[in-house]
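Taking it in order: structure first as structure tokens, then the write-up.
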Amino acid sequence: MERPGETFTVNSPEEVRLPSVHRDNSTMENHNKQETVFSLVQVKGTWKRKAGQNAKQGMKGRVSPAKIYESSSSSGTTWTVVTPITFTYTVTQTKNLLDPSNDTLLLGHIIDTQQLEAVRSNTKPLKRFIVMDEVVYNIYGSQVTDYLEARNVLYRILPLPTTEENKSMDMALKILEEVHQFGIDRRTEPIIAIGGGVCLDIVGLAASLYRRRTPYIRVPTTLLSYIDASVGAKTGVNFANCKNKLGTYIAPVAAFLDRSFIQSIPRRHIANGLAEMLKMALMKHRGLFELLEVHGQFLLDSKFQSASVLENDRIDPASVSTRVAIETMLEELAPNLWEDDLDRLVDFGHLISPQLEMKVLPALLHGEAVNIDMAYMVYVSCEIGLLTEEEKFRIICCMMGLELPVWHQDFTFALVQKSLCDRLQHSGGLVRMPLPTGLGRAEIFNDTDEGSLFRAYEKWCDELSTGSPQ
């Protein structure tokens with residue numbers, strides 16, 4: 001069967017551990033405590049611990065990368081468990097995802113070739129539970145149904161109104177109730193989410209909760225989710241009037257990206273996605289920024305369809321821009337999947353925008369709120385000498401060329417102060433502010449004073465509140 005496309009495979013190891021003392025030897029004295037390190041070896045189905053760092057010497061069996069550190073003192077015994085956990089997931093750009101001859105949707109998440117052949121040779125029908133945004137279902141529901149019928153799949157499709165206003169634990173629980181009634185294998189029958197970022201977030205959370213972790217697949221249908229939500233590991237729902245206050249870090253087993261879905265979304269939603277693409281361009285890739293400067297209107301007009309190529313141009317702006325956006329995003333996410341490091345360039349545009357978005361919901365789309373945040377931060381960068389006036393002007397003009405808002409009346413300086421105060425509380429006492437230091441370059445700053453922030457805010461309002469840079 002056909003499985004076309006380009007695949008990015010992410011292997012992201014995370015180490016789960018408690019605070020530990022220095023461990024150079026298998027047994028040591030530290031503050032009157034004796035500590036012993038144990039490796040773990042499985043023989044005939046039973047795990048046994050073996051003293052010493054290297055359990056492979058003289059032992060037959062399966063050796064775990066986990067370690068147990070046992071320390072004893074007069075007051076008792078403490079066991080510290082250190083367990084490396086690796087998440088492996090694939091992000092695949094594909095075409096014709098709903099063509100029955102293309103088995104990517106059903107089997108594209110299987111990496112092991114022997115397992116893949118075993119599934120293909122098994123005569124038992126596959127079983128899949130699919131959650132679709134109801135707007136997407138109205139457009140593509142019949143195609144999805146035809147695909148599953150043609151592949152002889154036992155299935156249940158659940159259309160839901162997955163909007164930001166409905167992004168709640170109640171909706172996640174509704175999905176879980178339906179999954180429970182349908183019945184799926186917790187290891188071999190992944191839940192499939194087809195929709196925008198809200199749909200992917202909610203389904204991801206539900207899957208991460210069901211039997212503590214059920215595999216799931218993301219199929220983004222908007223530009224925003226194509227280059228952002230689909231390639232990361234975060235899931236979540238809104239809670240207590242706060243955006244994504246509840247959530248997990250559980251990656252999908254796969255994300256399948258087909259740009260043909262994007263042709264069905266409104267122009268405003270194309271611009272909405274371009275905001276996240278511009279974020280990565282400003283933070284990491286000058287070439288992507290210049291592509292958006294030159295071809296932004298074309299991308300809006302063509303809705304990222306490669307069939308609409310530019311005359312006398314050797315590049316396909318849609319293919320190049322989406323690939324670079326995904327690659328730069330994965331560069332930042334893969335080594336920091338659980339956000340152990342809170343210094344994150346991908347937070348650019350996300351310091352003030354979450355509170356702005358929730359404050360005016362549903363007036364602003366996510367990318368629009370992010371872009372307003374970015375526009376203000378560009379003024380901050382210019383105010384403290386990180387950007388030139390010319391660079392600031394180019395960035396703002398690019399944003400407006402992408403038909404994105406660059407100012408909003410509810411983005412008050414009081415909101416800036418409150419948002420940054422909240423960030424200090426949740427980011428280890430540092431503001432960790434990503435700021436562009438040029439076109440396609442950025443750094444994290446913790447020392448931006450309030451006077452600079454206010455002067456930047458005044459200039460931002462003076463120049464952009466009328467709708468055009470002066």
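Keep in mind that the numbers below use all heavy atoms, side chains included, and drop hydrogens, waters and symmetry copies. By convention here, the first residue in the shown sequence is residue 1.
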Assign the ring pair F182 / F129 to parallel, tilted or perpendicular, where the plane angle (0 to 90°) is split at 30° and 60°. tilted
Can you tell me if R259 and S319 form a side-chain donor-acceptor pair at under 3.5 Å? yes
Between K418 and D422, does any NZ, NE, NH1 or NH2 come within less than 4.0 Å of an OD or OE carboxylate oxygen? yes
May I ask you to decide whether R156 forms a salt bridge with E178, counting only side-chain N to carboxylate O separations under 4.0 Å? yes
Identify whether the distance between the nearest side-chain nitrogen and carboxylate oxygen of R120 and E117 falls below 4.0 Å. yes
Could you tell me whether the side chains of K279 and N371 share a donor-acceptor contact shorter than 3.5 Å? no
Just checking, is any N or O donor in the side chain of T162 or D133 under 3.5 Å from an acceptor N or O on the other one? yes
D170 and S168: CA distance, side-chain angles, deciding distance, side chain to side chain donor-acceptor pair (under 3.5 Å) verdict: CA-CA 5 Å; D170 287 342; S168 66; 4.6 Å; no
Looking only at heavy atoms, which two atoms of L351 and D347 are closest? And how far apart? CD1-O, 3.3 Å
Does the side chain of Y226 pick up a donor-acceptor pair with the side chain of E276 at under 3.5 Å? no
Is it true that E189 and R128 make a salt bridge, defined as a side-chain N closer than 4.0 Å to a carboxylate O? no
Can you tell me how the ring of H350 sits relative to the ring of H366, calling it parallel under 30°, perpendicular over 60° and tilted otherwise? tilted
Do E368 and N272 get their side chains close enough for a donor-acceptor pair, meaning under 3.5 Å? no
Side chains of S142 and T145: any donor to acceptor distance under 3.5 Å? no
